[in-house]
Amino acid sequence: MTRRNVVLAATAIALTGGAHGQSTNAPIRILVGAPAGGSTDTLARSLALSMGPVLGRIVIVENRPGAGGNIAADAVAKAAPDGNTLLLSFTSHAINATLYPSLPFNPVKDFTALTCVATSPSILVAHPSLPVKDVQELIALAKAKPGQLNFAIGSVGSSLHMAGEAFKMQSGVDIVNIPYKGTAPAVQDVLAGQVQLMFAAIGNVKAHIQAGKLKALGVTSLKRLPAFPDVPAIAEALPGYESSAWFGLFGPAHMPAARIKQISDAARQALQQPDMRQRLDIEGALPVGNTPEQFSTFVQSEITRWARVVKFSGAKPE
């Protein structure tokens with residue numbers, strides 16, 4: 001049975017068991033602008049599974065990958081504002097506002113911000129052969145050898161790419177980007193020592209760090225993470241540095257206030273479920289569950305924040 005069918009079956013069982021809420025034949029759809037199997041897709045499916053019984057509705061996930069998440073976002077922006085078509089987006093929603101010179105939607109005005117589901121700090125890793133043990137030594141080496149060190153990038157314009165650009169911007173170092181078509185080949189080349197450095201999602205490199213195949217130099221959260229208590233926050237060497245990815249739930253603009261509250265509350269209740277917490281922990285993500293007003297303010301601040309980094313990077317859409 002596919003994961004999508006699992007979501008359908010589980011929520012259907014909940015409905016027949018007397019779950020409260022509005023009943024309809026049409027399912028609620030959560031669109032995801034990423035392929036199946038990645039962190040965004042996995043979190044969306046866990047959220048759908050937990051929200052279904054709360055809403056008394058079938059909740060399914062549809063993957064609409066492409067254009068950095070813009071294909072899925074455009075479909076939701078143009079959907080009816082009845083709350084039956086939602087978007088689980090990620091940091092690229094804010095980055096794309098500057099990265100793409102022309103979008104078919106406004107990333108703020110054409111959406112209803114419902115809640116930030118989770119944040120996910122990343123980690124700066126290096127091949128063991130690189131002669132540095134922490135971020136301070138890395139900055140010193142990069143300044144001594146401008147343009148001679150390199151970063152592997154799994155996707156141009158991604159939050160991990162921009163984490164590296166923010167690092168370069170704040171530290172004043174010149175480190176060359178080596179782009180790849182996906183995270184997996186990027187990680188493999190860092191493991192092989194063909195590329196020296198990478199900002200990576202924790203779930204993608206944790207086992208390699210524990211096995212001594214990669215060296216952890218710093219985490220992108222403002223404080224150290226419980227999973228890596230001995231790995232400093234980059235902010236300890238570079239004050240103010242922070243670059244956590246985030247995942248957020250949106251609907252189309254002009255949703256009725258009662259519907260906004262219903263869906264936002266259901267998502268926040270879902271975040272309290274043990275299964276959902278376990279999934280977030282596996283992905284190295286931290287639950288948030290803020291209000292629609294708080295999330296809306298956050299999204300606007302993120303667009304402003306990443307605009308500076310995107311312009312500094314000179315990145316163009318792939």
Side-chain angles (χ1 to χ4, degrees), residues 39-40 42-43 90-91 94 116-143 149 151-154 158-173 175 183 186-187 190-191 196-248 271-272 274 276-290 294 298 301-302 305-306 309:
S39 295
T40 310
T42 301
L43 292 182
F90 35 94
T91 321
C116 183
V117 175
T119 60
S120 181
S122 55
I123 190 164
L124 174 58
V125 295
H127 187 267
S129 65
L130 191 69
V132 299
K133 66 177 186 296
D134 55 33
V135 168
Q136 247 177 339
E137 291 188 0
L138 172 62
I139 293 172
L141 181 64
K143 287 185 174 180
L149 303 183
F151 276 132
I153 297 173
S158 67
S159 60
L160 294 172
H161 173 196
M162 291 302 144
E165 295 297 336
F167 179 83
K168 290 190 283 186
M169 186 174 75
Q170 289 181 234
S171 63
V173 298
I175 300 177
T183 299
V187 172
V190 179
L191 285 167
Q196 297 149 327
L197 297 155
M198 182 179 184
F199 278 90
I202 290 171
N204 289 332
V205 295
K206 186 176 181 179
H208 300 309
I209 294 168
Q210 291 171 337
K213 295 179 180 179
L214 290 175
K215 183 162 43 179
L217 300 181
V219 294
T220 64
S221 49
L222 283 172
K223 297 181 179 179
R224 299 189 184 202
L225 298 174
F228 294 99
D230 297 327
V231 179
I234 292 172
E236 294 177 34
L238 200 59
Y241 180 89
E242 189 274 333
S243 181
S244 293
W246 53 264
F247 306 89
L271 286 172
Q272 303 304 315
M276 187 72 192
R277 290 294 183 115
Q278 184 180 28
R279 171 51 56 189
L280 290 171
D281 187 57
I282 290 170
E283 296 294 331
L286 308 171
V288 179
N290 54 8
Q294 290 168 333
F298 172 77
S301 70
E302 283 285 280
R305 171 194 180 193
W306 288 114
V309 182

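The basis for the numbers below is simple: all heavy atoms, side chains too, and nothing from hydrogens, waters or symmetry mates. Nothing here was measured: the structure is a model prediction, and the numbers come from that model.
- Looking only at side-chain heavy atoms (C-beta outward), Leu225 and Val231 stay at 4.5 Å or farther from each other.
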Distance-only criterion, 3.5 Å: show the donor-acceptor pairs between side-chain atoms of residues 202-214 and protein atoms not counting sequence neighbours.
none

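- Tyr241 places a side-chain N or O within 3.5 Å of a backbone atom of Ala163 that can act as its donor or acceptor partner.
- The distance from atom NZ of Lys168 to atom CE of Met162, rounded to the nearest 0.5 Å, is 9.5 Å.
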Show your reasoning for whether side-chain contact (heavy atoms from CB on, under 4.5 Å) applies to Phe90 and Val117. CA-CA 10 Å; Phe90 35 94; Val117 175; over 6 Å; no
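- Summarising the geometry of Ser171 relative to Lys143, their closest heavy-atom pair is O-CE, 3.2 Å, with the distance given to 0.1 Å.
- Contact annotation: the side chain of Glu302 approaches that of Phe298 to within less than 4.5 Å [non-hydrogen atoms, C-beta and beyond].
- Distance alone, capped at 3.5 Å, is enough to place a donor-acceptor pair between the Thr220 side chain and the Ser122 backbone.
- Using a 4.5 Å heavy-atom threshold, the side chains of Ser243 and Arg305 count as touching.
- Around atom CD of Gln136, no more than 12 heavy atoms belonging to other residues, nucleotides or ligands sit under 6.0 Å away.
- Taking 4.5 Å as the limit, some side-chain heavy atom of Leu197 sits within range of a side-chain heavy atom of Leu138.
- When all heavy atoms are compared, the tightest approach of Met198 to Ala186 is CE-CB, 3.7 Å.
- Checked options Pro121, Ser221, Ser244; the residue passing with Leu286 is Pro121 (criterion: side chain to side chain contact (heavy atoms under 4.5 Å, CB included)).
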Applying side-chain contact (heavy atoms from CB on, under 4.5 Å) to Glu137 and Leu130, what does each step give before you reach the verdict? CA-CA 10 Å; Glu137 291 188 0; Leu130 191 69; over 6 Å; no
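- Using modelled atom types, one side-chain atom of Thr91 and one backbone atom of Trp246 make a donor-acceptor pair closer than 3.5 Å.
- Under the side chain to side chain contact (heavy atoms under 4.5 Å, CB included) test applied with Ile139, the options Ile175, Ile234, Val173 reduce to a single match, Val173.
- Taking every heavy atom of both residues into account, His161 and Ile153 meet most closely at CD2-CD1, 3.5 Å.
- In this structure the side chain of Asn290 reaches within 4.5 angstrom of the side chain of Cys116, judged on heavy atoms.
- Heavy-atom minimum distance, Lys215 versus His127: CE-O, 3.9 Å.
- Across all non-hydrogen atoms, the minimal contact from Val135 to Ala237 is CG1-CB, 3.8 Å.
- The line from OG of Ser39 to CZ of Arg279 is 9.0 Å long, rounded to the nearest 0.5 Å.
- For the pair Leu160 and Ala200, the tightest heavy-atom approach, listed with the atom from each and the gap, is CD2-C, 3.9 Å.
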